[in-house]
Structure formats: structure tokens, C-alpha cells
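A short write-up of the structure that comes next.
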There are 2 protein chains.
Amino acid sequence: MATIKDVAERVGVSVTTVSRVLNNRGYLSEDLKRRVYQAMEELNYQPNELARSLFRKKSNIIGLIIPDISHPFFSEIAIHIETFAYKSGYKILLCNSQLDKKKEKDYLNMLKASQVDGIIMGSHTLDTEEYKSINMPLVTLDRQLSESIPYVSSDHYKGGQLATKLLIRKGCKKIAHISGNLKLHLLAKARYDGFIDTVKKHSINHVVVQTDLNGFKYDEYKKIVTELFLKHPDLDGVFASSDLIAAQVLKECKRLGKRVPEDVKVVGFDGIRVGEFMMPGLSTIQQPIKDIAKTAVKLLIDWINGTEVPRENILPVKLIEKETT
Amino acid sequence: MATIKDVAERVGVSVTTVSRVLNNRGYLSEDLKRRVYQAMEELNYQPNELARSLFRKKSNIIGLIIPDISHPFFSEIAIHIETFAYKSGYKILLCNSQLDKKKEKDYLNMLKASQVDGIIMGSHTLDTEEYKSINMPLVTLDRQLSESIPYVSSDHYKGGQLATKLLIRKGCKKIAHISGNLKLHLLAKARYDGFIDTVKKHSINHVVVQTDLNGFKYDEYKKIVTELFLKHPDLDGVFASSDLIAAQVLKECKRLGKRVPEDVKVVGFDGIRVGEFMMPGLSTIQQPIKDIAKTAVKLLIDWINGTEVPRENILPVKLIEKETT
DNA sequence: CTGAAAGCGCTAACAC
DNA sequence: GTGTTAGCGCTTTCAG
């Protein structure tokens, strides 16, 4: 591969001069520029970003750590993150932690070693200390790691409220909430709070079961949903904490011969695009995925550029009312 | 951030020595190693991969170019590519072309400039020449770009046959195939060939419509499917070239009051995991997504390491027969 | 066995 | 205005 030296020799100037036209520094005659650009063209020259980054101490790479890119919520987040990053001249290094402590730690080290300019973190299995010690711009999705780390999230509390109110308004008398893991300190936990506060306020019979949200746990979801209806055959409303889980609920209702929405009403969470395609009738709480991504990228880049950024960034959700309620 | 020099000073040896223990070259006393590792620990030292890559002329980064990571087929490909790459010590730079010529070209240049060791390409909007001139290890998914570029793909022809035969066996008399764009030279075109050969062999009435497979073209899909049933109300079988499109067909059948599978039988293509979740009854042709990913990564790394790799890599598909047929 | 020195490709002081 | 030189952090000849 051609280097700046090759270009310089071909044009008959020093590498400094070539570097100057490359970076457009100082005065350069039009003729010179033309000759340099032409030589670059002829040699199919590409400046070596490794060398540039090494010198500048800036790689223009953002590390993205998420549990699993094949999960539709994260793949939708990812496309938008990539889009905004691209527009701002940043590249994305994709890391799936698969909720594996070792892999996440590995990736964190790798990202530091690779001199990424910042990290967007949508996964966390390690202790808070480990993230604080990262010592580089870091923005989380849905995670409150420490006082100093900004996060962006939906208004989960409002989402929980909206979903629950909808079920109540539609006449549900006994409602189940299938929540994410409440022990993890995810902001998504507020969906649960919104649910609980609402059912209590209206004195509605309710039941809560937990599961993991960020994976494709088909068997686990199936088991939980089956048991739920076994224990509570009189359920007439379900607020599932993801559209994927709502899918499982719908399936189980069908198996049990319960009609939706007549016998059981179901509302999901996320509002993922693939859900709209495959389950066009599902009522759900839509997260502003594009805005979340845009905000995360903006915060991170601002921070990289030395601007102060707000710590708390909560974006509004939207109730999408369709046929399952 | 600490450098190798800081470590050397702290231990009281030269940078060469530290570099040696870092790379485990030559003889090193246990005691020395211990002291060096300890200093690294204390300084929270991470070797600068930029500098290493620059010297070694090897970045251990693979560029992944796909149309859209939010498309479930590609996000599933991506998780497996990332997994295998990680196991082999490679990182993934994620590029979504969004089927935009300029963006794809940009990314191609960026990847070269970033000194990636190789590229996995699941998108192509440029001329073949552009890819040949890349001049670095490159493996495509489902694309036959030139004699010299290896590709990995499913046995689309077989898939087309299997889907069509199933519909015929189940008694369909007039079958539609919603195919991908047949003008692009994608190997997926063979699904169409398998379809055509099979219907002709059995002298079955048939109709073909084209659309784009690699995006979330909700409106386009909707329009095509609506028109299809309008023009051909007597259709009793549909072979859709993706599960996403099959979803649209199912929806339209419901809207028209056609029962599936009694009135119309539907079979999709891809066998994506999110489809299993959200459309558990859909019959489909399952592509071996994990194997495709694994093969692509293996081929690429073999090539990077200078091993000769086979050009044609066709993997078997599997018929998943469920309730929609 | 260990260290000084050169160099990977690039940029930026600092001279001329 | 242009070139010489040093240096980003690392690895590796090559002496000692």
C-alpha cells in the first residue's frame, strides 16, 4: 500500500508538503494541490489512519457494548447509533457481551487498548468500580452506573403507567406484569414501579413475575408464561416488559384457547419495528429508539470534545393501541 | 494513560525488556516477569494497539459491511460473525451501507484507511471493479463478485425447490413467489430458479413478483401483497422470499378473510429467530445462519493468514414445516 | 541476556 | 512557502 512518502517522491516534494495538502494547512498553490491529489489518485493512496490516530491521540472510533446485536431492540439501537456516528465521522466497534462477565471485561480492556474515543454501554455485568476506572467518555443506555456517568433512557415509569392504565380502562380485573430482572439496577425497573403504583391506586388484583429481558430466552419465557396461566387461570390482562415476551403470551393464549383481546388483553413494550411487521396487532409501549441512539451519540461526542453533558436524559414513550387490548 | 516507557522506568529496565515480557520473547527470569507484570498492574497499563498495529501492519480488525443491522437476518449473521471473530482475536467494525452507493464507497475507503485485515461483505451497490481493486482479503455473503472473491451462501436453489414442492404436495393449484430483486446478481436469485423449475415440472399455475429483500420496506411489501391478491384472488399458495414478507402475506390474508392454511398456504424464507418467536406457526426455509457466519469468518481469517481458500461455499438449507402449510 | 537505536506512517514545531 | 527533524508507542534488529 502506498504511503505518504511514495506520494511525496512522485510529486517531487517533501512528505510535509503532502501532509499539508492532506490536512489543508497553510498556504498551498492550486497547482501544487492538483499535482498532489493526482499522485494520490494514481497511487490509490489512502492515508494510514493508524498512524494518524497514533499521532493525534484520537481514533474516531466509538465502542458499542450491548448484550446481543441479534436482539431486535439492540439491533435497532445499533443502526441508529451507527448512522449518527457516521454522520459525525466516527466508526463503530461492535461488542456483544452476551451478558458474560469475562467477555465484557475483555472487551472493555480491548476498547481501551484500541484507543477508542468513547464507549456506549448497553450492557453491564461488572461492578460499578470497573466502569468508573475506565477513565474515558462513557455513556450508558438505561443504566445508572455512578454519579459521574451520563445515561439515556426512556421514561419507563410513564410507560408502565400507560400500559397498566390501558388494561384497567379496558376492564381488566386481574393483571400480570412480566418484568425484567428487578435486582439489576436497570432504569427499566421503573416500568415495574409504574405498574405497581397504578394497580394499587385502582385496587386491581395483580401478580408479577420476573425474567431476563435482554436475551432470546425462548424456553425460559415459555416456562414462565405457562406457569403464570396455570397458577392464575383467571388472568385477564398481561403487561409484558418486551414485545418478544408479549409474543410468547399471545402464543400461550392461543394454545389455551383464550381469545385476545376478549378473554385476555395483552400489551408489550419496546415497539420494535420487526414487531410491527410480524405482530401487527400488538398493543405496546413504544420507546423512542432513534432518539435514544441520537442522544447517546451526541452526549458521547460532546463529552469527547470536552463539553459538559447532562447526566440524566429521559426520553418520552408512546402508547400504541392496537388489537390486543 | 501509561505507556511502555512508564512501566520500564518504574521497574528500572529498558522498554525493550518490557516489550519482551509483553510478547514473551526470549528468556526472561520469573522474577523479572513478576516485577514487570506488577508494574503494569499498578499503572493500569494497556499496550497501545494503535502503535502495535502500525508496527506489525496488522490491526486484527475485520470490517463488516451489510445493508442494515436492524434487519433480523443481518443482525443474526452479525452476532455469529462477532462471536467467531472474537474467539479468533479479531474485532468487528460495523458498517451499514443502507444500500447507499456513496456510503458503501465511503466505508470501503474508510476500512482500507483503517488498515483492517479483511472485509466481510453482505451488501453491494458498486461495480465489480471497485471490489476487485480493494486488494485485501474479502469474503462475500451471497454475492458472486468476481472469479477471485470467495463467497458463502445457502443452497438457495434447493430452498426454492423445497418450499415449492411443499406447497404442491399440500395441494396448491396456483402459487405466487415473491422474490428478491432478480436484476442484482445475488445468489438468492436461485430461489426463484428453484421455484420456476419446480412449478414448471409439475405444470402448476404460478406468478412471480419482485421486491427488495434487504430492507424494512413495509409500505412496498404491503403494496405488492395487496396487489398480488387483487390480481390473483384465486391464489392458494405463496412462497415468500423472506419471513418478513411472509408476515405481510399472513396479515393480508387475515384482512381478506382468507384462512391459513385452509384457503392459502404460506411458506417463508430465512428461519430467523425472531420469526420463531413472533410467528411461531410460520413454515419456512431455514438458512444455516450460524454456519454461514462461521464459514465467512474462517475463510477470511484463513485468507489473511495466507492460506488458499475455496471460492464457492454453499451450505444446506432446511425445511421447517409448521402450521401455515 | 539486556539495551540503544531505527523505523512503522504520519503531523507539527521550527528553521531557512 | 517548503523542508528538516523529532516524536506518537511500540517492536525488533544488532551490538555488547
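All values below were derived from every heavy atom in this structure, side-chain atoms included, with hydrogens, water molecules and symmetry-related copies excluded.
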* Specify whether A:F84 and A:H80 have parallel, tilted or perpendicular ring planes, treating 30° as the upper limit for parallel and 60° as the lower limit for perpendicular. => tilted
* How are the rings of A:H124 and A:Y131 set to each other: parallel, tilted or perpendicular (split at 30° and 60°)? -> perpendicular
* **Rounded interatomic separation in angstrom, taking NZ from A:K58 and P from C:dC10** => 19 Å
* Report yes if the side chains of B:I92 and B:Y86 come closer than 4.5 Å at any heavy-atom pair, otherwise no. => no
* Asked: Do the non-hydrogen side-chain atoms of B:K58 and B:I304 ever get within less than 4.5 Å of each other?
  -> yes
* Asked: B:N96 side chain to B:Q98 main-chain N or O, any donor-acceptor pair under 3.5 Å?
  -> no
* How does each nucleotide of nucleotides 6-16 of chain D score, in 5' to 3' order, for protein heavy atoms under 4.0 Å: base (B), sugar-phosphate only (S), or none (-)? -> -BBBSBB----
* Asked: Which atom names give the shortest non-hydrogen contact between A:L94 and B:L94, and what distance separates them?
  -> CB-CB, 4.3 Å
* Over all heavy atoms of both residues, which pair between A:S59 and A:K91 is shortest? Give the atoms and the distance, please. => O-NZ, 3.6 Å
* Point-to-point distance, once rounded to the nearest 0.5 Å, from OG of B:S88 to CD1 of B:I62 -> 7.5 Å
* Asked: Counting only side-chain N and O atoms of B:T17, is one of them less than 4.0 Å from OP1 or OP2 of C:dG3?
  -> yes
* **Interface residues of residues 28-37 of chain A with DNA chain C (non-hydrogen, below 4.0 angstrom)** => none
